[in-house]
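Bear in mind that the values here come from a model prediction, so they are computed numbers and not experimental data. Counting starts at 1 for both ligands and their atoms, in listed order.
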Amino acid sequence: MHNIRQYQVPLQKYMAMMDLQEMNERLFYKLLIENVEELLPVVYTPTVGEACQKYGSIFRRPQGLFISLKEKGKILEVLKNWPERNIQVIVVTDGERILGLGDLGCQGMGIPVGKLSLYTALGGVRPSACLPVTIDVGTNNEKLLKDEFYIGLRQKRATGQEYAELLHEFMSAVKQIYGEKVLVQFEDFANHNAFDLLAKYGTTHLVFNDDIQGTASVVLAGLIAAQKLVGGTLADHRFLFLGAGEAGTGIAELIALEMSKQTNVPVDDARKNIWLVDSKPWAHEHEPIRDLVDAVKAIKPTVLIGTSGVGKTFTKEVVEAMASLNEKPIILALSNPTSQSECTAEEAYTWSQGRAIFASGSPFRPVEYEGKVFVPGQANNAYIFPGFGLGLIMSGAIRVHDDMLLAASEALAAQVTQENFNKGLLYPPFANIRKISAHIAADVAAKAYELGLATRLPQPDDLVKYAESCMYSPAYRNYR
Ligand SMILES: NC(=O)C1=CN([C@@H]2O[C@H](COP(=O)(O)OP(=O)(O)OC[C@H]3O[C@@H](n4cnc5c(N)ncnc54)[C@H](OP(=O)(O)O)[C@@H]3O)[C@@H](O)[C@H]2O)C=CC1
Ligand SMILES: CC(=O)C(=O)O
Ligand SMILES: [Mg+2]
């Protein structure tokens, strides 16, 4: 840590951490686990975003497995080149929507690598069981196509049948080589492919879309926890989303499902309290409204959620409107990395005169406002996917079910302590994440058993203890 801390520039810390992961994996994980709050912003958002943008020019050694259009017809052989056979989790991207930074092509590899390092550090999945994959179908990013250091295919993205066939070959090969129970996490695919892939492979493979499902689960957890701060139930709230894409609609659907279960109303009725806007249409019947601030005034939401990928869209007027309507407005600026955040923590607290309950996708430091210190939470799917994946693996689950996402949300919300609430936090600190992940894993596994989707039999008596016993630890053995 002394060594890492000498670097002032976050990207240099990132490069030093990547070198360490390559040279001494155990030490890398020991550092990450023991200093998770300090190192998460280095190996994950926001720094991983900058690393992906500059991936070609900071490139040292290949990480993960690249599968390009050129390998069509040979994907099984390519997978066999990977030195490990006992793979439990694959995180795969095609690089088309990397955080809120757009199409970064092959340079998106930083994301599967980063996500999987969290699978190990936060969720305890063995590093050797993790496989980062980037599918290279080209890029539409003109700047990268002209960049002399770009590492991927220099062509426009393949689409349609060509794209679908490559993805299908990959999904079939994965099942053939690693079996029915390998978890495939789709990450940072563009909207126009993400929903189709999830629907297509959700019935034949163990697949999970982190941006749609993981984000939904973490936000629902924060909203369940928020009820202890603001009182009432989910059904008492009105939700307004800026951004109706993977994250936005994923969250909206899970909130509606939970509301419908809590109040016994049909999901369609629960949806009536949820409003989504993108840059163009409305999702409910309503007269057209041009600006977000006018939408806030018309809809009078109690919860405002940013999932547009566009920074600075929660302006002073928007936050002030939320604060004039609510004693404790809940404001979630989820877009990553920090540059794309809808507003900063400081803006949320200042413009609401310290009344906002705020969390963001990328971390912000505590803010002092009128003598009081406010600690912003981090509403990021990193709270969910490591424990969720561990729960699937340890129960031998063969499919993902929405009720498992609800179980994960409730498990996470239950880990928020009174001390956390007193600081205005909707999420527990990342410092305790391995314990939290064990609880999430246990509840997800319990749901898998209840739904008849678990294959590891008999069911262990104490699932939390079992989850902990399954977790990889970077222990240094004493050989004497
Ligand atoms: N905190 C977390 O854990 C997570 C955060 N995210 C973040 O959420 C963001 C969005 O991701 P995702 O949902 O997958 O992306 P999508 O592309 O699926 O969705 C983006 C949505 O925002 C809308 N949008 C774009 N520009 C504007 C604008 N100027 N005003 C209003 N709406 C706009 C888009 O519609 P249209 O273009 O038609 O307007 C679309 O509905 C990213 O920044 C990502 O990093 C994602 C997953 C997890
Ligand atoms: C956190 C995440 O998955 C994203 O921003 O895409
Ligand atoms: Mg993502």
Student: Take F374 and Y349 through the test ring pair (Phe, Tyr, Trp, His ring centres under 6.0 Å) and record every step on the way to the result.
Tutor: CA-CA 8 Å; F374 294 85; Y349 294 124; 4.8 Å; yes

Student: Any idea which atoms of ligand 2 are less than 4.0 Å away from a heavy-atom of L99?
Tutor: 4 (C), 5 (O), 6 (O)

Student: Suppose I only count heavy atoms of N191 and a 4.0 Å limit; which atoms of ligand 1 are within that range?
Tutor: 16 (P), 18 (O)

Student: For N326 and T302, does a side-chain donor sit closer than 3.5 Å to a side-chain acceptor?
Tutor: no

Student: May I ask you to check if ligand 2 and N381 share an N or O to N or O distance below 3.5 Å?
Tutor: yes

Student: List every atom of ligand 1 that sits less than 4.0 Å from any heavy atom of R97, numbering the atoms from 1 in the order shown and giving each element.
Tutor: 11 (O), 12 (P), 14 (O), 15 (O), 44 (C), 45 (O)

Student: Does ligand 1 have any atom sitting under 4.0 Å from a heavy atom of N380?
Tutor: yes

Student: Can you tell me the protein heavy atom closest to atom 35 (O) of ligand 1 and the distance?
Tutor: D278 CB, 3.3 Å

Student: Please confirm whether the ring centroid of Y55 lies under 6.0 Å from the ring centroid of F149.
Tutor: no

Student: Would you say the side chains of N420 and K228 form a donor-acceptor pair under 3.5 Å?
Tutor: no

Student: Taking atom CE of M171 and atom CG of L166, what is their separation to the nearest 0.5 Å?
Tutor: 12.5 Å

Student: Tell me, which protein residue and heavy-atom name are nearest atom 13 (O) of ligand 1, and how many Å apart are they?
Tutor: A247 N, 2.9 Å

Student: State the atoms of ligand 1, each with its element, that fall below the 4.0 Å cut-off from a heavy-atom position in G361.
Tutor: 1 (N)

Student: Go through ligand 2 atom by atom and flag the ones less than 4.0 Å from a non-hydrogen atom of Y44.
Tutor: 1 (C)

Student: Give the atom numbers and elements of ligand 1 that come within less than 4.0 Å of a heavy atom of A379.
Tutor: 1 (N), 2 (C), 3 (O)

Student: Answer yes if the side chains of Y119 and Q185 hold a donor-acceptor pair under 3.5 Å, and no otherwise.
Tutor: yes

Student: Checking contacts here: is it the side chain or the backbone of D210 that comes within 4.0 Å of ligand 1, counting heavy atoms only? Could be both or neither.
Tutor: neither

Student: Scan side-chain atoms only and decide if S335 and E342 contain a donor-acceptor pair under the 3.5 Å cut-off.
Tutor: yes

Student: Close to the Mg ion (ligand 3), meaning under 2.8 Å, how many protein N, O or S atoms are there?
Tutor: 3

Student: For Q107 and G56, indicate whether the former's side chain and the latter's backbone hold a donor-acceptor pair under 3.5 Å.
Tutor: yes

Student: To the nearest 0.5 Å, tell me how far L240 CG sits from I274 CD1.
Tutor: 11.5 Å

Student: Once the angle between the rings of W275 and H286 is folded into 0 to 90°, is it parallel (under 30°), tilted (30 to 60°) or perpendicular (over 60°)?
Tutor: perpendicular

Student: I want to confirm something. Looking only at heavy atoms, which of I251, L101, N336 is nearest to atom 45 (O) of ligand 1?
Tutor: N336

Student: If I apply the N/O under 3.5 Å rule, does D211 come out as touching ligand 1?
Tutor: no

Student: Considering only heavy atoms of G100, which atoms of ligand 1 have at least one such atom less than 4.0 Å away?
Tutor: 42 (C), 43 (O), 45 (O)

Student: Counting only heavy atoms, which portion of T307 has something under 4.0 Å from ligand 1: side chain, backbone, both, or neither?
Tutor: backbone

Student: Can you report which non-hydrogen protein atom sits closest to atom 6 (N) of ligand 1, along with the distance?
Tutor: L334 O, 4.0 Å

Student: In terms of relative ring orientation, are Y427 and Y383 parallel, tilted or perpendicular, with 30° and 60° separating the classes?
Tutor: parallel

Student: Can you confirm whether E346 is buried at CD, in the sense that more than 12 heavy atoms of other residues, nucleotides or ligands lie under 6.0 Å from that atom?
Tutor: no

Student: Just how far is it from atom CD1 of I255 to atom NE2 of H237, taken to the nearest 0.5 Å?
Tutor: 10.0 Å

Student: Where is the nearest protein heavy atom to atom 41 (O) of ligand 1: which residue, which atom, and how far?
Tutor: A244 N, 2.9 Å

Student: Side chain, backbone, both or neither: which part of N380 has a heavy atom under 4.0 Å from ligand 2?
Tutor: side chain

Student: Please give me the minimum heavy-atom distance between A408 and V444, naming the atom from each residue.
Tutor: CB-CG2, 3.9 Å

Student: Consider only side-chain N and O atoms of N141 and Y150, and report whether a donor and an acceptor are under 3.5 Å apart.
Tutor: no

Student: Among all protein heavy atoms, pick the one closest to atom 37 (O) of ligand 1 and tell me residue, atom and distance.
Tutor: S279 OG, 4.0 Å

Student: Looking only at protein heavy atoms, which one is nearest to atom 5 (O) of ligand 2, and how far off is it?
Tutor: N336 ND2, 2.8 Å

Student: How far is atom 48 (C) of ligand 1 from its nearest protein heavy atom, and which residue and atom name does that atom have?
Tutor: T215 OG1, 2.9 Å

Student: Which ligand 1 atoms does S335 reach within 4.0 Å, using its non-hydrogen atoms?
Tutor: 7 (C), 8 (O), 9 (C), 43 (O)

Student: Is there a side-chain contact between E410 and D443 in this structure, where contact means two heavy atoms from C-beta onward sitting under 4.5 Å apart?
Tutor: no

Student: Any idea which protein heavy atom is nearest atom 19 (O) of ligand 1, and the distance to it?
Tutor: G245 CA, 3.2 Å

Student: Quick one: which residue pairs count as a ring pair (Phe, Tyr, Trp, His ring centres under 6.0 Å) with a foot in residues 296-315, not counting sequence neighbours?
Tutor: none

Student: For ligand 2, which atoms have a heavy atom of E187 less than 4.0 angstrom away?
Tutor: 3 (O)

Student: Counting each atom of ligand 2 from 1 as listed, which ones have a heavy atom of D188 under 4.0 Å away?
Tutor: 6 (O)

Student: Rounded at 0.5 Å granularity, tell me how far CD1 in I67 sits from CG in D136.
Tutor: 10.5 Å

Student: Would you say the side chains of S409 and S217 form a donor-acceptor pair under 3.5 Å?
Tutor: yes

Student: Among all protein heavy atoms, pick the one closest to atom 26 (N) of ligand 1 and tell me residue, atom and distance.
Tutor: V310 CG2, 3.4 Å

Student: Considering K115, E246, R97, which one's heavy-atom position lies nearest to atom 6 (O) of ligand 2?
Tutor: R97

Student: Which is it for Q340 and ligand 1 at heavy atoms under 4.0 Å: side chain, backbone, both or neither?
Tutor: neither

